[in-house]
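What follows is a short report on a single structure.
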2 protein chains.
Amino acid sequence: MRARRAVTITDVAAATGVAPSTVSRALHNPGRVSAATRERVEEAARRLNYVPNSQARALSSGRTGTIAVLVSDVTNPFYFGLIRGTQRQLKAAGRAQLLIDTEDSGDHEAEMLLSMRRSLDGAILAASRLPERRLAALAEEIPLVTVNRNVRGVPSVVIDTPAGIDLAVEHLLSLGHRRIAYAYGPENSWSNRARWQALRAAGVRYGHPFVRVGPFPRGRAFGSAAADALLNTGATAFIAFNDLLAIGILTRLRERGVRVPGDVSVVGCDDIFGADFCNPPLTTLTAPIEQAGRTAVSMLLARLVPAGPGPGRRTVLLPTHLTIRDSTGLAP
Amino acid sequence: MRARRAVTITDVAAATGVAPSTVSRALHNPGRVSAATRERVEEAARRLNYVPNSQARALSSGRTGTIAVLVSDVTNPFYFGLIRGTQRQLKAAGRAQLLIDTEDSGDHEAEMLLSMRRSLDGAILAASRLPERRLAALAEEIPLVTVNRNVRGVPSVVIDTPAGIDLAVEHLLSLGHRRIAYAYGPENSWSNRARWQALRAAGVRYGHPFVRVGPFPRGRAFGSAAADALLNTGATAFIAFNDLLAIGILTRLRERGVRVPGDVSVVGCDDIFGADFCNPPLTTLTAPIEQAGRTAVSMLLARLVPAGPGPGRRTVLLPTHLTIRDSTGLAP
DNA sequence: ATTTGAATGGCAATCGTTTGCCAGAATTTG
DNA sequence: CAAATTCTGGCAAACGATTGCCATTCAAAT
């Protein structure tokens, strides 16, 4: 009933008067056949509207042409840019993107990856929740590139927010702030730990011991709790684990009648969609998210060609910059 | 070098002492073998950590287990919820989701679909840009469900924003607004046309001829042009094609010193991420986007089982409701 | 006891490619 | 001009499942 039998390589072969193997080579290994036959094959393929069956090809060649992109939560705006970046680059390389939502669970992540490893050429792990050991083990099974997660032996692209944190601190210090508090995010987030790490180091360096509150779960909703806790520290400037939390904090501060930046300043991380139009617009560490996606894809694809140029760069560090908007101002 | 040879159905068969065909049946067609053998097979499969090769399975059975979801722009927040909805439902059904960004081009859309039709069990078209004829033709090739696009013969789930428009109009009329202007979106958007359609009809019904400005391309950036044009109409209330545009309009109005809702009221459509924390929070038509995604998947899967329950509902209409926030108020 | 039919399991073809190997033709080399 | 290479193209064996068909076995019905 559905779609009459598809055009196969055999049909093209018959139409051209050559063997199927020749068609295969003409199409995917041009150097292997004479120019004349190649042209005849191509013509016939075009005429018959032949499109290779990727299943069959995957079966015999072992390459599937699809790359999985695993995110912990598709609705987290942070991933939008990332997904767009991977999508672009993959499309340009003629590959398909399998999007997987791991629902923030490492087990889920591993299970998905393992069960699909036969159907994948590789995977990009944006924000893996897996412990180092399991991640490394998984990388043995299937080519992997991580984003914002640095594990020995697994290539990764990481956005250098820690360096950005220094920029934020300088910015706040220059505005006269001396007490800075950090809203600590989920313990299972590598970025979160790295950010706090950097902030604490900066605090020591400048001789102002910065404090932290939390941890708080992911999501704007917990901005309320975070805001209350932050106010309680007596700090005049807050840095939030990410923009989502920062926006939640902003909302709560408004509710409580605390003026931003009159009374306190707030800095976010990532510069997600919405950071520029929330109220007030958020000063934040702008991360090159889309570029991270593109880079991750490039690294992964580079590893897939057998004659890869050596091991390639193992870790690519992408710089961030501080985007100053209206949520930071002079210390009161 | 990579991953020692995988465990195949033959290995399981050997370990159990039965034929491969029996293993296949035990695993996917339980009624066909005795309970005893099935258990032995299952045990062996578990022990050997067998995971079927989906390529091979697709090749012989014709079913691939993956569904494509086509969106016109992955970074449009409207799709976030949709993608989450489809993701959820597909995962529950044990299927994979291939995400495709058509970059707002019908040609691209058709080309992708055609070239992947062998690797797909079906596709969900969120916001197709294809003309009716081509869409209908494509539906012959591959099982399709559209979202927010109604084409004869193609099952669809549409979010009933037109009905919502009436709610918005009543809301605005009750606040004393008499002149309402619509910011018209891209001509190639079915939803946009439907919304204007509904608004115009309401205008006629209530005896207040509503006007429109535009069309404006997708994206927040064009909110500036839209805002200026809207102000120029002399209307006191604006309804925007979607929230993205509405937020852009809000930004521009603030720039120009126009107070919202003091001077003018603004209503958006969709209730995307950000509509609740922009400045001021946006009154909007809340669409059950995630549910739309889930429903689309259910409809598609229902069509795939051979003994489907008849043709099923062809079009599912999902209701919207008006979420009143701070961008609407009494007419000046 | 014979017939019937259901339940169970195996054989082998098939799905559409890719690719190692081989043979003949064409070309280069000494 | 003979020998050695390089080019081309075909054959056939995978790749790992599914499934139509057949052969047994075993129980139920006559």
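Order of the sequence lines sets the chain letters (A, B, ...), proteins ahead of strands, with each chain counted from 1. What you are looking at is a predicted structure, and each value in this text was computed from that prediction instead of being measured.
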- Message: Any carboxylate oxygen within less than 4.0 angstrom of a Lys/Arg side-chain nitrogen, looking at A:Arg303 and A:Asp121?
- Response: no

- Query: Less than 4.0 Å between a side-chain N and a carboxylate O, is that true for A:Glu290 and A:Arg88?
  - Reply: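 Looking at A:Glu290 together with A:Arg88, the answer is yes, because their closest N to O distance falls below 4.0 Å.
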
Could you check whether [X] gets within reach of a base, just the sugar-phosphate, or nothing at all, counting any heavy atom under 4.0 Å?
X       : result
A:Ala56 : base
B:Thr10 : nothing
B:Arg38 : nothing
B:Ser54 : nothing

Strictly below 4.0 Å: does [X] bring a side-chain N or O up to OP1 or OP2 of [N]?
X       : N      : value
A:Arg57 : C:dT18 : yes
B:Ser34 : C:dG9  : yes
A:Ser24 : C:dT18 : yes

- Query: Pick the nucleotide of DNA chain C nearest each of B:Ser61 and B:Gly31; which residue has the one closer to the 5' end?
  - Reply: B:Gly31

- Message: Reading DNA chain C from 5' onward, which residue's closest nucleotide shows up sooner: A:Arg25 or B:Val18?
- Response: B:Val18

Atom pair distance, as rounded to whole Å: [atom1] in [X] and [atom2] in [N]:
X        : N      : atom1 : atom2 : answer
B:Leu27  : D:dG16 : CG    : P     : 16 Å
B:Asn29  : C:dG9  : CG    : C1'   : 13 Å
B:Arg117 : C:dG16 : CZ    : C1'   : 14 Å

- Is there side-chain contact between B:Val151 and B:Ser156, with heavy atoms separated by less than 4.5 Å? no

- Task: Check side-chain contact (heavy atoms from CB on, under 4.5 Å) between B:Ala137 and all other residues, then give those that pass, not counting sequence neighbours.
- Result: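 Here no residue qualifies.
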
Mind listing the side-chain donor-acceptor pairs of residues 40-52 of chain A below 3.5 Å, one per line with the distance, residues two or more places apart or on another chain?
| residue | atom | partner | partner atom | Å |
| --- | --- | --- | --- | --- |
| A:Arg40 | NH2 | A:Thr16 | O | 2.6 |
| A:Glu43 | OE2 | A:Arg47 | NE | 3.1 |

- Message: Using every non-hydrogen atom in the two residues, find where A:Leu318 and A:Val316 come nearest and quote the distance to one decimal.
- Response: CD1-CG1, 3.6 Å

- Item | C:dG9 base / B:Arg32 side chain donor-acceptor hit below 3.5 Å |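 Answer yes: a donor N or O sits under 3.5 Å from an acceptor.
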
- Is there a donor on the side chain of A:Ser21 or the base of D:dC11 sitting less than 3.5 Å from an acceptor on the other? yes

- N/O donor-acceptor pair under 3.5 Å between B:Thr66 side chain and B:Ala96 backbone: no

- Derivation of the salt bridge (Lys or Arg N to Asp or Glu O under 4.0 Å) call for A:Arg218 and A:Asp104: CA-CA 10 Å; A:Arg218 251 162 276 268; A:Asp104 216 359; 3.2 Å; yes

Of the listed nucleotides [options], the one nearest the side chain of [X]:
X       : options                : result
A:His28 : D:dC11, C:dT18, C:dG16 : C:dT18
B:Ser60 : C:dT18, D:dC15, D:dA17 : D:dA17
B:Asn53 : C:dT8, C:dT19, D:dG16  : D:dG16
A:Arg63 : D:dA17, D:dT18, C:dT18 : C:dT18
B:Leu59 : C:dC15, D:dG10, C:dT17 : C:dC15

- For the helix from C:dA1-D:dT30 to C:dG30-D:dC1, what is the angle between the axes at its two ends, each from 5 pairs, rounded to 10°?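 The angle separating the two end axes equals 30°.
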
